[in-house]
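Have a look at the structure below, then the notes.
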Number of protein chains: 2
Amino acid sequence: MPETKARYRIGDLVRAFDVTPRTLRYYEELGLLRPERRGQQRYYSDRDRVRLRLILRGRRLGFSLEEIAKILELYDHDRSGKTQIREVLRMGERKLKEIEAQIEELKNLKAEIEERARELRRLLEE
Amino acid sequence: MPETKARYRIGDLVRAFDVTPRTLRYYEELGLLRPERRGQQRYYSDRDRVRLRLILRGRRLGFSLEEIAKILELYDHDRSGKTQIREVLRMGERKLKEIEAQIEELKNLKAEIEERARELRRLLEE
DNA sequence: CCTTACCTTTACGTTAACGTCAAGTCGCGG
DNA sequence: CCGCGACTTGACGTTAACGTAAAGGTAAGG
């Protein structure tokens, strides 16, 4: 295991993920990110990077930041008790069910649009 | 083909789809629904019902009402020219691509959560 | 004719997720 | 020491998608 001690400044992440500084500070305000402070500057770790990737993916998928926070709890096991872990796990299972349902609904929508497209093409040939 | 001439009042749809009247009027304001008027009352057709189902599904999937409006154009072919139809079709194809991409991302997220859950379970057995 | 349920329009309020200034700080190359 | 670029903290503004309250219309049953 290599000691990856990379620290990113806010501008680095801004460029890497195409977001604004405001967005990153807002996510911190919500507790989704917890960069270190050297003086008054923020320094983000690889852990923050991973979390940010997850946040942005969740956002693209239509999840609210509140829902995303729930998912991120899966990565917040800082020596918490077994009971805590078990609870987080249960929540994870629930989220998985929701995601599977969402996949199903997307497939339905896809089928519906494909059907409609077929009708329109038929209509084009008069 | 049976002549289905059902008309629904706003309260009917409210109960059937668990939304508020405000929501239905808002969707009308955006042009997503176009109920008839008898006097000043709204009367929704089966077409409106179908569209509402699609709208709500889209919403659950994280689409904005603007995006949903695009999808609904697939059902707005009121004797429009072939060029129009072709354009709508192309847009439909684009949306399909997006939906497929979204399905893929959901599968990735699912895999990621499952992996994390495995780690947590391993951690439970100390 | 009166009540009651259901509907109407108008209009201001709310929440999430940031955008957009303004004004100050920090470290470094020249 | 000075300026510059990157950063900071407020704090008010904005947009989508409705919520909500006020004030009034309408049709049917008793």
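Values in this document were obtained by computation on a predicted structure and should not be read as measured data.
Between D:dT26 and B:Arg42, no contact under 4.0 Å exists linking OP1 or OP2 to a side-chain N or O. A close approach under 4.0 Å does not occur between any side-chain nitrogen or oxygen of B:Tyr27 and OP1 or OP2 of D:dA17. Taking only side-chain nitrogens and oxygens, B:Thr20 comes nearer than 4.0 Å to OP1 or OP2 of D:dG19.
Map A:Leu30 and A:Gln41 each onto its nearest nucleotide of DNA chain C; the residue landing nearer the 5' end is A:Leu30.
Comparing D:dT9, C:dA16, D:dC18 by their nearest atom to the side chain of A:Tyr26 picks out C:dA16. Looking at the side chain of B:Ser64, the nearest of the listed nucleotides C:dT8, D:dC18, D:dA17 is D:dA17. Side-chain atoms of A:Gln40 lie closest to D:dT8 of the nucleotides C:dA17, D:dT8, D:dC18. Of the candidates D:dT8, C:dC18, D:dG25, the closest approach to any side-chain atom of A:Thr23 belongs to C:dC18. Relative to the side chain of A:Arg25, the nucleotides C:dC18, D:dA17, D:dT8 differ in distance, and D:dT8 lies closest.
Taking atom CZ on A:Arg59 and atom P on C:dA16, their separation rounds to 16 Å, with Å as the unit. In this structure, B:Leu32 atom CG and D:dC18 atom C1' are separated by 13 Å, rounded to whole Å. Taking atom CG of A:Leu65 as the reference point, atom P of C:dA17 lies 4 Å away to the nearest angstrom. What separates CZ of A:Phe63 from C1' of C:dA17 is a distance of 17 Å, to the nearest Å. Per the geometry, CD1 belonging to B:Ile10 stands 17 Å off P belonging to D:dA27, to the nearest Å. Remark: C1' of C:dC18 and CG of A:Leu33 are 14 Å apart, rounded to the nearest angstrom. Going from atom CD of B:Glu28 over to atom P of C:dT10 covers 12 Å, rounded to whole Å. As rounded to whole Å, 10 Å separates atom P of C:dG19 from atom CG of A:Leu24.
A donor atom on one side chain and an acceptor atom on the other are found under 3.5 Å apart for B:Tyr8 and B:Asp46.
We find that A:Glu87 and A:Arg90 are not joined by a salt bridge, their nearest charged nitrogen and carboxylate oxygen being 4.0 Å or further apart.
With a 4.5 Å cut-off on side-chain heavy atoms, A:Pro35 and A:Tyr44 count as touching. A heavy-atom distance below 4.5 Å is found between the side chains of A:Ile55 and A:Leu33.
Side chain of A:Arg37 to main chain of A:Gln40: a donor-acceptor pair is present (N/O by atom type, distance under 3.5 Å, no hydrogens or angles). Remark: side-chain polar atoms of B:Arg116 are paired, donor with acceptor, to backbone N or O of A:Leu74 under 3.5 angstrom.
The residue B:Tyr43 sits apart from the nucleic acid: no heavy atom pair falls under 4.0 Å. Note on A:Arg38: nothing from the nucleic acid sits closer than 4.0 angstrom, heavy atoms only. Residue-level contact check: A:Gly39 touches neither bases nor backbone, having no heavy atom under 4.0 Å from any strand.
The base of D:dT20 sits within donor-acceptor range of the side chain of B:Arg22, with an N or O pair under 3.5 Å.
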